[in-house]
Amino acid sequence: MKPRYLSVLCLLLAGMPLYAYEILHDKPAPLQAKERPWGARCPVWQKYCMPVGNGTMGAMIYGGTKRERVQFNVDSLWAGKVNPKQNRANVFPGISRIRELLLEGKYQEAEQLGKQALGCAEGAQEDFGSYITFGELVIETGIPFEETSNYVRRLDLDRALHVVEFDHKGNRYTRSVFASYPDRCIVIRFEVEGDARQDLALSFASPNAFLPRIEQGDLVIQGELADSGLPVDARVRVLQEGGRVAVGDNNKRVEVKGARSVTFLLSADTGFDLDQPDLVGEGRAAELQSVIDAAAAKGYAALLADHLKDYQALYQRVSLDLGASDTAVQSMPMERRLARYKKGGVDPDLEEMLFQYGRYLLIGSSRPGSMPANLQGVWNNSNEPAWAADYHININLQMNYWLAGPANLLECQLPLIDYTDLLARHGRKSAQAYYEADGWTAFHAPNLWGHSAPRYPPSAGKPRWWNHLPISGPWLAYNIYEHYAFEQDPSFMRERIWPIVSGSAEFLVDYLYWHPDGYYTSLMSWSSEHGKMSVGATCDHAIAREILACALELADVLEIEDARTREWKQVMENIMPYRIGQHGQLQEWAEDRDNPNDKHRHINHLWGLHPGSQISPLSTPELAEAANVTMAHRGDGATGWSLGWKLNFWSRLRNPDKSYQLIRNLLRSKIYPNLFDTHPPFQIDGNFGYTAGLCELLLQSQEKDAAGRPVLDILPTLPKAWPSGQVSGLRARGGFEVDLSWKDMQLKTLKVRSLNGRDFALRVNGRLQNHSLAKGECLERSF
Ligand code: FUC
């Protein structure tokens with residue numbers, strides 16, 4: 001063990017808080033894999049660099065000694081542009097004909113017609129664009145890695161701080177990076193102990209034509225996006241202690257000589273404004289200058305202190321202990337640690353760390369005022385990221401926020417609500433254009449500007465089930481409802497949540513089709529990305545049932561009861577019921593055609609089990625058994641996000657062994673050495689799905705009792721791998737915070753804090769008990 005690891009270890013043993021975790025590496029990222037500059041699947045970037053973020057900006061740090069690189073992004077940096085004519089004209093007659101054909105059993109003809117009739121308007125695909133990369137700051141130091149010793153780089157999750165440390169010629173060098181939300185900048189500090197001095201040169205590199213120049217000693221970067229004309233700006237201030245500064249490379253490089261320490265302050269933005277997304281906004285150069293001036297005036301120590309205060313107020317709400325890993329394991333570089341885990345090594349601290357990492361990544365990529373976390377959060381090194389790093393809403397964006405409630409980060413969900421407002425505005429036109437329906441919906445993959453039509457036109461030749469998924473809007477509306485379920489703030493609900501959820505219910509009652517057999521069905525539909533055309537995909541029905549129930553619950557709180565809510569209720573109660581098929585499986589479609597050998601990653605038909613609340617081993621045992629059969633068919637492997645979903649399914653099915661197996665599979669096969677989850681490539685939803693799933697093992701609250709009280713289900717699915725442990729600060733629907741501990745698989749202590757004074761029921765060891773607590777009151781029990 002290297003001396004530095006020893007000191008880290010001593011700190012751990014000295015009783016550091018439970019939320020202190022570090023992702024360790026003993027080499028710079030570029031020495032750990034082969035570089036593919038600006039490549040979407042660059043192994044160095046996606047596997048070894050480590051992320052910091054403040055919601056609006058994200059950076060990935062390479063940790064090089066000779067050349068440090070800080071690749072960075074801004075959340076609204078999108079190629080492409082608004083397309084006001086994205087909805088295809090005259091689609092509804094085609095949809096009506098497809099419906100008739102399906103009812104006549106003419107599936108092939110219906111599919112044929114679907115290929116020609118569905119999709120967005122021609123031209124809209126070209127404007128859709130992609131999330132792209134800004135570029136990187138390059139800081140040359142002249143210190144080759146081979147001349148260094150005791151190198152360590154680590155991402156400290158408790159402080160949201162990246163640190164590189166090494167010795168060179170008897171001097172200890174430390175480089176720290178953090179992304180400050182309060183001060184809107186990324187702070188990079190190069191320090192050296194003792195008498196040594198540093199010579200550093202700062203420059204900018206990018207695959208885009210963003211031009212750097214030195215202005216009043218700052219590195220100023222300016223550009224404009226080709227399609228939209230969106231202005232792009234960044235500014236870097238160089239604050240050195242000691243030494244002197246010069247300008248080089250044709251006014252494009254800042255050169256610092258003989259400094260004791262140097263702090264770089266980076267701030268960047270585009271002119272995009274979510275409130276006026278159709279306009280090409282003003283450049284932000286002047287605003288960034290004020291941001292940087294203010295940060296510089298504050299100084300490094302105060303910037304760090306304010307960053308810690310802001311970040312820890314969110315991060316330290318939840319602590320988790322699932323058992324202790326060997327001390328030698330805790331200080332292992334992550335690549336070795338994962339390899340050991342892969343071989344069956346026991347490492348509960350790593351399982352905890354991945355849980356907290358999900359929370360870290362959400363705090364880093366989604367803060368009030370930012371865009372929501374996209375397929376890669378806010379991190380992206382390429383102009384051609386996989387799936388445009390967009391906002392897929394046929395599971396991915398929704399999954400990004402599953403943890404926001406249970407893992408107690410509701411503030412981080414506000415960007416999702418802001419963005420859904422935009423989508424719903426455009427989505428009203430899409431609901432009319434495609435279904436002549438009121439309310440709003442959006443199809444499977446929107447972009448920065450809230451593209452709500454299907455993604456591709458018929459001429460793109462893409463499979464239609466990708467494109468045409470009108471249930472995506474209601475699926476997203478469920479996340480927005482969940483915000484209220486966890487928060488219970490009636491005035492926020494009235495203003496922000498009700499319009500989205502009620503607008504979704506309005507769409508659904510117009511969209512669902514009254515089948516001649518006497519029920520409402522999603523005609524025509526297919527199970528997302530799995531196909532085939534159907535007279536009713538189970539997932540659509542589950543989502544419709546749940547959203548209508550949510551809308552009715554909110555209407556009840558708002559004391560609204562009218563023709564509209566009566567229609568919602570009537571439709572909800574007459575949606576095609578679940579069907580159990582020939583293999584005992586929960587049918588994916590109205591037609592009994594599931595293939596038991598099919599391992600497809602989308603398991604949409606279990607939506608009512610998770611994230612929905614319709615299927616449970618306790619209240620609907622037959623459906624839960626059918627869901628078990630489906631899960632057995634689909635197996636325990638999958639892409640990153642799908643493993644995350646499977647973990648949530650198994651925990652709702654109250655199967656601890658399977659749940660733990662999924663945790664092992666995920667960590668074994670889909671987690672990179674920087675702990676990013678991979679599809680492949682890197683896709684952040686798997687990280688978020690893991691954290692959400694872990695919450696589900698320890699506390700569930702999706703159930704309501706007969707009187708409508710939320711049921712807090714304590715330790716519903718505890719894996720044997722964690723016989724003793726504790727968690728504190730989890731949040732439950734109804735507005736509660738829960739701490740609990742267990743020993744030898746038995747609950748030991750329980751504390752429930754009521755945030756809103758709602759009555760609730762507790763299920764402990766299988767027994768249900770009602771409770772009343774006033775707002776702010778706690779219930780405490782020992783067992
Ligand atoms: C859905 C998934 C893919 C991928 C993409 C971003 O389409 O089916 O696996 O995750 O989203």
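Order of appearance sets the numbers: ligands from 1, and atoms from 1 within every ligand. Computed over heavy atoms, backbone and side chain alike; hydrogens, waters and symmetry mates excluded.
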> Are the aromatic rings of Y511 and F507 close, with centres under 6.0 Å apart?
Replying inline: yes
> Counting each atom of ligand 1 from 1 as listed, which ones have a heavy atom of R601 under 4.0 Å away?
Replying inline: 2 (C), 3 (C), 8 (O), 9 (O)
> Got a sec, which residues hit ring pair (Phe, Tyr, Trp, His ring centres under 6.0 Å) with Y357, two or more places apart in sequence or on another chain?
Replying inline: Y360
> Under the side chain to side chain contact (heavy atoms under 4.5 Å, CB included) test, which residues partner S206, sequence neighbours left out?
Replying inline: F204, N208, F210
> Which ligand 1 atoms, with their elements, are less than 4.0 angstrom from a heavy-atom of H679?
Replying inline: 3 (C), 4 (C), 9 (O), 10 (O)
> Centres of the Y434 and F443 rings: under 6.0 Å?
Replying inline: yes
> Is there any N or O on Q683 that sits under 3.5 Å from an N or O of ligand 1?
Replying inline: yes
> Going by the atom numbers of ligand 1, which of them fall below 4.0 Å from some non-hydrogen atom of W641?
Replying inline: 2 (C), 3 (C), 4 (C), 8 (O), 9 (O), 10 (O)
> What part of N396, side chain, backbone, both or neither, has a heavy atom within less than 4.0 angstrom of ligand 1?
Replying inline: side chain
> Between H444 and ligand 1, which part of the residue brings a heavy atom under 4.0 Å of the ligand: side chain, backbone, both or neither?
Replying inline: neither
> Under 6.0 Å between ring centres, would you say that holds for F649 and W607?
Replying inline: no
>> Does any part of the side chain of H392, heavy atoms only, come nearer than 4.5 Å to the side chain of S472, both counted from C-beta?
In response: no
> More than 12 foreign heavy atoms under 6.0 Å from CD of E411: is that the case here?
Replying inline: yes
>> Considering non-hydrogen atoms of the protein only, which is the closest contact for atom 2 (C) of ligand 1, and what is the distance?
In response: H602 NE2, 3.4 Å
>> As an exercise, identify every atom of ligand 1 less than 4.0 angstrom from a heavy atom of E529.
In response: 1 (C), 2 (C), 7 (O), 8 (O)
> In terms of atom number and element, which parts of ligand 1 are under 4.0 angstrom from non-hydrogen atoms of L375?
Replying inline: 6 (C)
